[in-house]
Amino acid sequence: MLDPILDGVDHLILAGDVWQQQKVGVGFGDARSLFQELLWLAKKRGVLVETLRGNHDPDSGKGVAWLADGAVLVTHGDAIYDDATPWSREIGRYREEINVLIQKYAPQSHSAEACSERAREIALTLKAISLPKLPSPFDFLVTALWPLNRSFEMLRVWQGMGEQGLRFLNHSGKGACVLICGHFHRPGIWQKEGKVMINTGAFMQGSKPWAVDVNDGKLTARELVLCGDKFDLGGVKGRWILQRPL
Ligand SMILES: [Mn+2]
């Protein structure tokens, strides 16, 4: 389904949560083999693939990538919050351990790499709570809405993530003007004082996937649209000329 998007691409960065590494069970083998198939497709086309880690696949690669001479910072998105995934179902149970990790990394919070290390340690700390098996659509509702404070956290992050991303870019971006991330499943563009935060959304139900193209000093954000059984590049959401950090 993704093969047509690789047309003309020489370097592909996957910004984490490409597959579910943490949970062993139904879908684990499928997820891994689909991921390997994607890597194989890219290799066949001669595309250099760089996989960044996310909270669902914390062993998948490094935490951040810098593009266009440091003008663009790419990271999964769990690095931008001290507690990585504030809406996590498990976060209440591991609050003490997470606070220790937040303290441990506090002196290095100006470093995007260190923030991503913190997020990785948090991802490895949270052990999934198993949910009761329910028929659809109750299974989806329980997954999305339980426990109840999870819904409030999701709404809070949903509303504030653009500003939070821009704060992270200013504090930890080493002068980069663009932050590209995912993690929050809400595609969008947020801009302030010459800085840009782009969230590329997700392929999941209820979200939309985007791709960002960096080429020849220009950056373009596009929606990915499903045409039949293949994804293709859709409408342009934003385009910028990149400026190197001073
Ligand atoms: Mn994530």
Side-chain angles (χ1 to χ4, degrees), residues 2 12-25 27-28 31-32 34-35 38 49-65 73-94 97-98 101-102 105 112-129 131 140 143-147 149-165 167-169 172 179-188 190 197-212 224:
L2 292 169
L12 174 70
I13 296 182
L14 300 167
D17 284 3
V18 181
W19 71 297
Q20 179 63 275
Q21 172 205 312
Q22 293 274 64
K23 260 182 237 163
V24 178
F28 176 77
R32 186 168 51 185
L34 281 168
F35 175 47
L38 177 61
V49 181
E50 204 174 336
T51 312
L52 303 183
R53 59 174 181 254
N55 51 307
H56 292 275
D57 47 9
D59 293 326
S60 270
K62 56 181 190 167
V64 301
L73 166 61
V74 190
T75 189
H76 174 61
D78 46 353
I80 78 171
Y81 278 94
D82 285 354
D83 46 5
T85 313
W87 63 89
S88 159
R89 181 175 298 114
E90 294 83 15
I91 205 149
R93 187 178 287 188
Y94 295 97
E97 289 91 326
I98 289 168
L101 290 170
I102 292 171
Y105 285 95
E113 282 84 357
C115 293
S116 173
E117 282 299 327
R118 178 186 62 203
R120 178 172 185 270
E121 286 208 53
I122 291 173
L124 293 171
T125 300
L126 300 175
K127 300 276 179 292
I129 296 171
L131 293 171
F140 174 75
T143 306
L145 301 176
W146 181 83
N149 63 347
R150 174 168 156 85
S151 317
F152 294 114
E153 279 302 309
M154 279 187 195
L155 279 174
R156 184 180 69 83
V157 171
W158 189 265
Q159 293 209 317
M161 72 165 181
E163 275 181 39
Q164 183 65 26
R167 266 198 295 272
F168 176 78
L169 185 57
S172 316
L179 168 68
I180 302 172
C181 66
H183 189 47
F184 305 106
H185 303 188
R186 181 192 179 187
W190 292 263
M197 139 102 163
I198 304 171
N199 188 309
T200 53
F203 286 90
M204 282 182 77
Q205 202 178 14
S207 186
K208 286 191 161 75
W210 287 15
V212 178
L224 298 179

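Start at 1 and go down the list; that is how both ligands and their atoms are numbered. As a basis for the values below, the full set of heavy atoms in this structure was taken, side chains included, without hydrogen atoms, waters or symmetry mates.
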### Task
Inspect the contact between Asp82 and Arg118 and indicate whether a charged nitrogen and a carboxylate oxygen are less than 4.0 angstrom apart.
yes

### Task
Check His183 and report its N/O/S atom nearest to the Mn ion (ligand 1), by atom name.
ND1

### Task
May I ask you to decide whether Glu153 forms a salt bridge with Arg156, counting only side-chain N to carboxylate O separations under 4.0 Å?
yes

## Note on the structure
With rounding to 10 degrees, Asn55 OD1, the Mn ion (ligand 1) and His76 NE2 define an angle of 90°

### Query
Quick check: does His56 put an N/O/S atom under 2.8 Å from the Mn ion (ligand 1)?
no

#### Entry: Any N, O or S atom of Asp78 closer than 2.8 Å to the Mn ion (ligand 1)
no

### Message
Under 6.0 Å between ring centres: does that hold for Trp87 and Tyr81?
### Response
no

### Task
Report the distance from atom CZ of Arg89 to atom CG of Leu126, rounding to the nearest 0.5 Å.
11.5 Å

### Query
If you look at Asp17, which of its N/O/S atoms is nearest to the Mn ion (ligand 1)?
OD2

### Message
Distance check, rounded to the nearest 0.5 Å: Lys127 atom NZ versus Arg93 atom CZ?
### Response
11.5 Å

